[in-house]
Engineer: 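One structure follows; several queries about it will come next.
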Amino acid sequence: MTTKLEIPTAEGVFTAHYSQHGLARLDFPAAQPAVGKPKKETAALPAQISRWHRLTVDALNEALAGRAPRLLPPLDLSAGTEFQRRVWSALRRIASGRTRSYAEVAAQIGNPRASRAVGGACGANPIPVLVPCHRVLAANHAVGGFSGGLGWKRKLLAREGIAVR
DNA sequence: TAACATTCCGCGC
DNA sequence: GCGCGGAATGTTA
């Protein structure tokens with residue numbers, strides 16, 4: 001079971017998905033205004049979820065402003081494969097304003113030749129922004145790619161004061 | 001098996 | 001030095 005809640009921000013309306021274990025997914029604002037509303041935030045929401053949601057809203061707004069969130073909700077990354085979870089936890093260790101190359105991340109998880117695969121895992125990241133997949137650049141310090149749209153990646157990097165080619 | 005959000009090396013300019 | 005082509009590479013659906 002998963003609960004969808006909207007998060008209005010200066011950059012648009014994000015959508016958060018919660019499972020029993022925490023925040024399971026975060027979606028960028030739809031390019032065009034969503035046709036069918038995701039799901040209305042109605043009456044009784046489990047106390048735990050509204051608690052998590054407050055944390056998510058604060059963290060997301062901090063992150064979008066280029067500041068490091070001080071507190072995150074619990075993240076439910078159980079949907080990923082073993083390899084993906086290793087990559088994602090490596091990503092979470094990259095400090096705000098810092099970057100790593102795909103190869104460096106690969107080395108960090110003990111699989112130096114898997115830089116290409118690391119790119120794949122970044123693309124599969126269900127919680128962009130909060131799990132900072134945008135801080136991973138190509139070895140030559142070029143931007144690389146981004147599933148959510150390169151514009152987002154550039155914007156997020158710029159907010160953190162990171163210069164790219 | 002094919003498709004990648006990579007990287008490295010060699011060549012030609 | 002820069003740009004381009006091509007091969008090696010690990011993971012996924």
Side-chain angles (χ1 to χ4, degrees), chain A residues 1-4 6-7 9-34 38 56-57 59-69 72-165:
Chain A
M1 200 47 193
T2 140
T3 307
K4 291 204 278 187
E6 300 187 341
I7 306 179
T9 73
E11 310 294 340
V13 180
F14 285 67
T15 306
H17 299 59
Y18 299 92
S19 72
Q20 304 185 345
H21 304 283
L23 177 63
R25 199 161 111 222
L26 186 61
D27 292 334
F28 283 107
Q32 39 183 305
T56 304
V57 172
L60 181 58
N61 281 300
E62 283 293 294
L64 290 177
R67 306 191 56 86
L72 293 184
L75 306 184
D76 180 4
L77 298 173
S78 62
T81 65
E82 163 98 30
F83 176 82
Q84 290 169 336
R85 287 197 303 261
R86 282 212 302 275
V87 172
W88 298 337
S89 46
L91 298 186
R92 296 180 59 190
R93 290 189 218 109
I94 308 176
S96 177
R98 305 297 302 277
T99 65
R100 291 269 182 310
S101 70
Y102 293 95
E104 284 168 334
V105 175
Q108 195 170 332
I109 64 174
N111 211 340
R113 275 170 248 164
S115 47
R116 190 88 188 264
V118 166
C122 290
N125 170 23
I127 313 184
V129 187
L130 265 29
V131 175
C133 46
H134 59 277
R135 306 211 261 248
V136 187
L137 306 180
N140 55 5
H141 225 250
V143 222
F146 200 69
S147 328
L150 270 181
W152 279 108
K153 185 167 183 176
R154 292 180 178 282
K155 176 173 284 189
L156 291 168
L157 291 170
R159 289 283 203 283
E160 295 184 12
I162 298 168
V164 290
R165 270 201 277 223

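Chain letters run A, B, ... following the sequence lines, proteins first and then strands; every chain starts at 1.
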Engineer: Could you please name the option among B:dT6, B:dA5, C:dT11 that lies closest to any side-chain atom of A:K153?
Structural biologist: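 When the side chain of A:K153 is considered, B:dA5 is the closest of B:dT6, B:dA5, C:dT11.
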Engineer: Is it the case that the side chain of A:R25 and the backbone of A:P126 share a donor-acceptor pair, with hydrogens and angles ignored and the cut-off at 3.5 Å?
Structural biologist: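 Checked: no pair found.
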Engineer: If you check the A:R116 side chain, which of B:dT6, B:dT7, B:dA5 turns out closest?
Structural biologist: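 Comparing B:dT6, B:dT7, B:dA5 against the side chain of A:R116, the answer is B:dT6.
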Engineer: I need the CG-C1' distance between A:N140 and B:dT7, as an integer number of Å.
Structural biologist: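 After rounding, the reported distance stands at 9 Å.
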Engineer: Among residues 105-114 of chain A, which residues get a heavy atom nearer than 4.0 Å to DNA chain B?
Structural biologist: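 By residue number: none to list.
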Engineer: Whole Å only: how far is the CZ atom of A:F146 from the C1' atom of B:dC4?
Structural biologist: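 Taking CZ of A:F146 and C1' of B:dC4, I get 16 Å after rounding.
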Engineer: Pick out which of A:L156, A:L64, A:V129 makes a side chain to side chain contact (heavy atoms under 4.5 Å, CB included) with A:E11.
Structural biologist: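 Exactly one pass, corresponding to A:L64.
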Engineer: Evaluate the side-chain proximity of A:E104 to A:V136: yes if any heavy-atom separation is below 4.5 Å, no if none is.
Structural biologist: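 A side-chain contact is absent here, since even the closest heavy-atom pair is not under 4.5 Å.
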Engineer: Using side-chain heavy atoms (C-beta onward) and a distance below 4.5 Å, is A:K4 in contact with A:D27?
Structural biologist: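 Result no, sub-4.5 Å side-chain heavy-atom pair not found.
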Engineer: Under the 3.5 angstrom rule, does the side chain of A:W88 hit a backbone N or O of A:A121 as a donor-acceptor pair?
Structural biologist: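 Yes, A:W88 side chain to A:A121 backbone: donor-acceptor pair under 3.5 Å.
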Engineer: Kindly state which residues belonging to residues 77-97 of chain A come within less than 4.0 angstrom of DNA chain B, counting heavy atoms of the residue only, listed by number.
Structural biologist: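 Nucleic-acid contacts, sorted: none.
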Engineer: To the nearest Å, how far apart are A:Y102 OH and B:dT7 C1'?
Structural biologist: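 So the OH-C1' distance, A:Y102 to B:dT7, works out to 12 Å.
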Engineer: Rounded to whole Å, how long is the line connecting atom CZ of A:R165 with atom C1' of C:dG1?
Structural biologist: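 Value for this atom pair: 12 Å.
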Engineer: Quick one, A:H134 and A:W152 - any side-chain contact, counting heavy atoms below 4.5 Å?
Structural biologist: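 No; the side chains remain at least 4.5 Å from each other.
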Engineer: Applying side chain to side chain contact (heavy atoms under 4.5 Å, CB included), run through A:V87 and A:N125 and close with a yes or a no.
Structural biologist: CA-CA 9 Å; A:V87 172; A:N125 170 23; over 6 Å; no
Engineer: Kindly indicate, with the supporting measurements, whether the criterion side chain to side chain contact (heavy atoms under 4.5 Å, CB included) is fulfilled by A:E62 and A:L130.
Structural biologist: CA-CA 10 Å; A:E62 283 293 294; A:L130 265 29; over 6 Å; no
Engineer: Determine the interplanar angle of the A:F28 and A:F14 rings, folded into 0 to 90°, and report it as parallel if under 30°, tilted if 30 to 60°, perpendicular if over 60°.
Structural biologist: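 Because their plane-to-plane angle lies in the 30° to 60° range, the rings of A:F28 and A:F14 count as tilted.
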Engineer: How many angstroms lie between CD1 in A:I109 and CZ in A:R85, if you round to the nearest 0.5 Å?
Structural biologist: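 Going from CD1 on A:I109 over to CZ on A:R85, the span is 12.5 Å.
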Engineer: Base, sugar-phosphate or nothing for A:G123? Non-hydrogen atoms, less than 4.0 Å.
Structural biologist: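 Base contact.
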Engineer: Return one dot-bracket line describing DNA chain C 5' to 3' (Watson-Crick or G-U wobble pairs, both distances under 3.5 Å; ( ) same strand, [ ] crossing, | another strand, . none).
Structural biologist: ||||||||.||||
